[in-house]
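Basis for what follows: all heavy atoms, side chains included, without hydrogens, waters or symmetry-related copies. Numbers here are sequence positions counted from 1.
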Amino acid sequence: AERGDADSQERLGFKLLGNGFKPTGDVDFSDEDYKACYPWLLRAAKQGNDHAQTNLAVLYVNYRRAHAGVTTRQSKSVAFNWRRRAAKNGNRHSMYYHGMALLHSGNKNSDDSRVSEGLQWLQRAMRTTKGSTSELSEAHVKRCQKQIDDTTKAYPELTSAALAPSAMRRADAALKKEGDEKR
């Protein structure tokens with residue numbers, strides 16, 4: 001980790017997080033956990049480690065008191081950006097949560113482009129590769145499908161257009177191009 005290996009940094013950061021992740025899905029981080037893990041996760045995330053990026057998003061959403069002077073809105077925005085980066089790097093859990101966040105904000109604000117993008121992220125998340133380190137659980141796959149089905153009922157034309165094979169190919173190509181331009 002000290003030598004700059006992103007995978008080692010991510011593993012160390014996660015280990016230092018202690019027992020913050022509960023089996024119920026809740027999180028409860030102590031100040032010590034946060035102070036110990038955050039620098040390692042941040043280093044790994046900046047190098048493109050999708051697991052570190054995902055865990056940073058979780059920290060920003062669930063551990064607001066660690067961000068002295070950072071508002072809840074700013075914290076959510078930072079979490080959104082880290083989760084998006086992890087999703088772009090192939091982390092299926094981040095694809096799922098990013099898609100759900102986009103759908104929620106799109107529905108709340110009547111923003112069709114966010115709803116469309118959210119649907120596309122959920123569709124990508126379901127393209128799980130068996131054995132992937134970020135493979136979705138069966139429960140997550142079912143929730144993805146239910147959300148897509150519910151959105152299809154509410155917005156049939158929008159869903160049809162967003163999930164059409166040609167639209168998915170264009171969206172995937174745009175993500176790839178965006179990633180290539182950053183290199």
Answer yes or no: is there an ion pair linking [X] with [Y], defined by an N-O contact shorter than 4.0 Å?
{"X": "Asp50", "Y": "Arg85", "value": "no"}
{"X": "Glu138", "Y": "Arg143", "value": "no"}
{"X": "Lys146", "Y": "Asp150", "value": "yes"}

Any idea which heavy atoms bring [X] and [Y] closest together, and the distance?
{"X": "Ala36", "Y": "Leu16", "answer": "O-CD1, 3.4 Å"}
{"X": "Tyr96", "Y": "Ala125", "answer": "N-CB, 3.8 Å"}
{"X": "Arg124", "Y": "Ala171", "answer": "NH2-CB, 3.3 Å"}
{"X": "Ala1", "Y": "Trp40", "answer": "O-CZ3, 3.5 Å"}
{"X": "Leu102", "Y": "Gly118", "answer": "CB-CA, 3.7 Å"}
{"X": "Leu41", "Y": "Phe14", "answer": "CD2-N, 4.0 Å"}

Is it true that a side-chain atom of Gln147 and a backbone atom of Met100 form a donor plus acceptor pair closer than 3.5 Å?
-> no
Polar side-chain atom of Arg92 near backbone of Arg127 as donor-acceptor pair, under 3.5 Å | yes
First locate atom [atom1] of [X], then atom [atom2] of [Y], and finally report the distance between them rounded to the nearest 0.5 Å.
{"X": "Leu59", "Y": "Cys37", "atom1": "CG", "atom2": "SG", "result": "5.0 Å"}
{"X": "Leu122", "Y": "Thr151", "atom1": "CG", "atom2": "OG1", "result": "7.5 Å"}
{"X": "Leu103", "Y": "His98", "atom1": "CG", "atom2": "NE2", "result": "10.5 Å"}
{"X": "Leu12", "Y": "Glu2", "atom1": "CG", "atom2": "CD", "result": "8.5 Å"}
{"X": "Asn49", "Y": "Glu10", "atom1": "CG", "atom2": "CD", "result": "5.0 Å"}
{"X": "Gln53", "Y": "Gln47", "atom1": "CD", "atom2": "CD", "result": "10.5 Å"}

Parallel under 30°, tilted from 30 to 60°, perpendicular over 60°: which one fits the rings of Tyr38 and Tyr60?
-> perpendicular
Verify side-chain contact (heavy atoms from CB on, under 4.5 Å) between Leu158 and Ser116, making sure each step is shown before the conclusion.
-> CA-CA 7 Å; Leu158 179 66; Ser116 294; 3.0 Å; yes
Strictly by modelled atom types, are His140 and Ser137 linked by a side-chain donor-acceptor pair under 3.5 Å?
-> yes
Between Ser94 and Thr54, does any side-chain donor sit less than 3.5 Å from a side-chain acceptor?
-> yes
Run the side-chain hydrogen bond (donor to acceptor under 3.5 Å, both in side chains) check on Asp5 and Gln9 step by step: do they pass?
-> CA-CA 6 Å; Asp5 179 69; Gln9 291 168 341; over 6 Å; no
